[in-house]
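Have a look at the structure below before the remarks.
Chain A is the first sequence line, chain B the second, and so forth, proteins listed ahead of strands; every chain is numbered from 1.
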Protein chains: 2
Amino acid sequence: MSIIFSRQCEYALQATSYLALKPAGKMTTIKELTKKLNIPYHFLGKILQNLTYKGLLNSQKGPTGGFSLGMPAQEITLYHIVDAIDGNDFMTKCVMGFPECTGKNPCAVHEKWGGLRDGIYSMLVNKNIAQIAKEMKKPEFRLLVD
Amino acid sequence: MSIIFSRQCEYALQATSYLALKPAGKMTTIKELTKKLNIPYHFLGKILQNLTYKGLLNSQKGPTGGFSLGMPAQEITLYHIVDAIDGNDFMTKCVMGFPECTGKNPCAVHEKWGGLRDGIYSMLVNKNIAQIAKEMKKPEFRLLVD
DNA sequence: CTAATTTAAGACAAGTAAGTCTGAATAAAC
DNA sequence: GTTTATTCAGACTTACTTGTCTTAAATTAG
Ligand code: FES
Ligand code: FES
C-alpha cells in the first residue's frame, strides 16, 4: 500500500519533479521519464495526459514532442499535483473513517490529526516545482543519479 | 480512497474504540458493533478475528459470546491496531513513492515529511484505549449517539 | 441431549486501482 | 508525400481491496 497518496499520484509527483529539472519549455518524452523513474510506460502516459488536461503540463505530439510544465515553475506546487490526481479528500475526512470530521462530534484523534493534516497541507502548498528543481540539482539528490 | 489507513484499519480502530467503552471482560457481539458503527457484518467479523489472532482481542463463541479487549486497555494503543492491520510501512517509505527514504538520497519533502510522520506515529502511540474510553464518555463524543 | 446463538473459516462476488496492448491522430524531418 | 516519432484514446487484463454468502465449530441455556 502506498502511504497517503495513490500510486498514480506518486508517479505524477515524481514525473513533474523530473520535468522541473529541464529548462522551461523543453520537451521530455514519456520514454525518458519511464526510464529514469522506472514507471510503466502507458500508465505514465495516461497520468501525464490527465495533468495536461488539467493544465499543469503542456504536451506536443510527433518527433521532438513530449511534455513540459504548463505554467511557470514557481506557480506549480505539489498540492496542485496531488489535488489534480487524488483530490483533497484528506483535508476533510476523518482519519479514523467516521462519517464526518467536525468539532461537534470528534473522534479520539481529531485534535491531533487536525494539526498534522494542516502540516501535510502546508508541506504540499509551500513546495513549488521551482524550489524542487533547485534542490534536485544538489549532487546527493534523488533522481540525478542516472 | 481512505486517507492514510485502509478501510479495514479504520473499521478496526472504530470497533476497538467501541469495545473500550465496555467494562473489561464484557463481551460484545459483532451484531452490536456493526449496528452501532455501520460496518458490514462478515467483513468486521474477519477483522476482529484477525485482531484476536494477534492477541489484541479475546473472542468467545456461543450465546453470551462476542469480543472483548485482549489486554488491559492502558496497554493497547492505536498504533497496535494500525500495526496489526496495515503494518508500519508508512514509517519507512517515501511519501513521494521513491524506492527508499534515507537522508542519503532524499526527496523534495523528506525533511518535512519526517516530522509529520513522527507526529502521526506519536499520535498513535500516545493514545491508548483507556484514554479513548474516558474521552468517549463525554456527551459530545462520537459513537455515543446511538 | 437439544436447540439456539455466536464466532471461525473459506469460497465467492463486486468494486477499485494498476498495468498492458493496440491502433489512431499529430507533427516533425527528410 | 513518406517515414518516423510521439502523444491520445480506448479496450482489455491483472491485482488488490472490499464485501457477501454459506457452512462448520463451539458454547451456553433449557
Ligand atoms: S473526527 Fe476524526 S479526524 Fe476529525
Ligand atoms: S525520501 Fe521521500 S520521504 Fe524520505
Report task. Please round to 10 degrees the angle between the axis of the first five pairs and the axis of the last five pairs in the helix from C/dC1-D/dG30 to C/dC30-D/dG1. Result -> 0°

**Report entry** Rounded interatomic separation in angstrom, taking CZ from B/F5 and C1' from D/dT18
**Finding:** 19 Å

Query - Nearest to side-chain heavy atoms of A/F43, which nucleotide of D/dT7, D/dC21, C/dA18 - result: C/dA18

Query raised in the report: Of all of residues 26-35 of chain A, which get a heavy atom below 4.0 angstrom from DNA chain C, listed by number?
Result: none

Report summary line: Atom CG of A/L48 and atom P of D/dA9 are separated, to the nearest Å, by 13 Å

Report task. Name the nucleic acid region contacted by A/F67, choosing base, sugar-phosphate or nothing; use a 4.0 angstrom heavy-atom cut-off, strictly under. Result -> sugar-phosphate

Report task. Nearest whole angstrom, please: distance from the C1' of D/dT6 to the CD of A/Q49. Result -> 13 Å

Report summary line: The residue, A/R7 or A/K61, whose nearest nucleotide of DNA chain C is more 5′ is A/R7

Query raised in the report: Cluster question for you: counting only ILVMFWY and a side-chain heavy-atom cut-off of under 4.5 Å, with indirect links fine, are A/Y121 and A/L116 together?
Result: yes

Report summary line: note: A/L51, atom CG; D/dT7, atom C1'; distance rounded to Å ~ 14 Å

Query raised in the report: Any idea which of D/dT7, D/dT20, D/dT28 is nearest the B/P63 side chain?
Result: D/dT28

Query raised in the report: To the nearest Å, how far apart are B/L44 CG and D/dT20 P?
Result: 12 Å

Query raised in the report: A/Y11 near the nucleic acid: base, sugar-phosphate alone, or nothing, with a heavy-atom cut-off under 4.0 Å?
Result: sugar-phosphate

Requested in this report: Measure the spacing between CD of A/E10 and CD1 of A/I3 and express it to the nearest 0.5 Å.
Outcome: 7.0 Å

Query raised in the report: Within the structure, does a side-chain N or O atom of A/Q8 lie under 4.0 Å from either OP1 or OP2 of C/dA17?
Result: no

**Report entry** Spacing of NZ belonging to A/K93 relative to CD1 belonging to B/I4, to within rounding of 0.5 Å
**Finding:** 12.5 Å

Query raised in the report: Quick one: A/N58 CG to C/dA27 P, roughly how many Å, whole number?
Result: 14 Å

Query raised in the report: Under 4.0 Å between a side-chain N/O of B/S59 and OP1 or OP2 of C/dA8, yes or no?
Result: yes

Query raised in the report: Quick one: ring pair (Phe, Tyr, Trp, His ring centres under 6.0 Å) partners of B/F43, sequence neighbours excluded?
Result: B/Y11

Report summary line: Comparing A/G65 with A/H42, nearest DNA chain D nucleotide closer to 5' gives the residue A/G65

Requested in this report: Kindly determine whether B/D86 and B/S6 satisfy side chain to side chain donor-acceptor pair (under 3.5 Å), including the steps that lead there.
Outcome: CA-CA 7 Å; B/D86 279 352; B/S6 69; 2.7 Å; yes

Report task. Write down the distance between CD1 (A/I47) and P (C/dA17), rounded to a whole number of angstrom. Result -> 13 Å

Query - Selected nucleotide, minimal atom distance to A/T64 side chain, candidates D/dA9, C/dA28, D/dT18 - result: C/dA28

Report task. Might you work through the side chain to side chain donor-acceptor pair (under 3.5 Å) test for B/N50 and B/K54, ending with a clear yes or no? Result -> CA-CA 6 Å; B/N50 186 1; B/K54 300 248 169 75; 3.1 Å; yes

Report summary line: To the nearest 0.5 Å, atom NZ of B/K137 lies from atom CD of B/E135 at 11.5 Å

Requested in this report: Determine: side-chain N/O of B/Y41 to OP1/OP2 of C/dT7, distance under 4.0 Å, yes or no.
Outcome: yes

Query raised in the report: Could you state the interatomic distance from CG (B/L56) to CG (B/L69), rounded to the nearest 0.5 Å?
Result: 9.0 Å

Query raised in the report: Do you know which of A/I30, A/I47, A/L44 makes side chain to side chain contact (heavy atoms under 4.5 Å, CB included) with A/I39?
Result: A/L44

Requested in this report: Please determine if a side-chain N or O atom of B/Q60 lies less than 4.0 Å away from the OP1 or OP2 oxygen of D/dT28.
Outcome: yes

Report summary line: When rounded to the nearest 0.5 Å, the distance separating CD of B/E32 from NZ of B/K22 is 3.5 Å

Requested in this report: Can you tell me the distance, in whole Å, between the NZ atom of B/K46 and the C1' atom of D/dT18?
Outcome: 12 Å

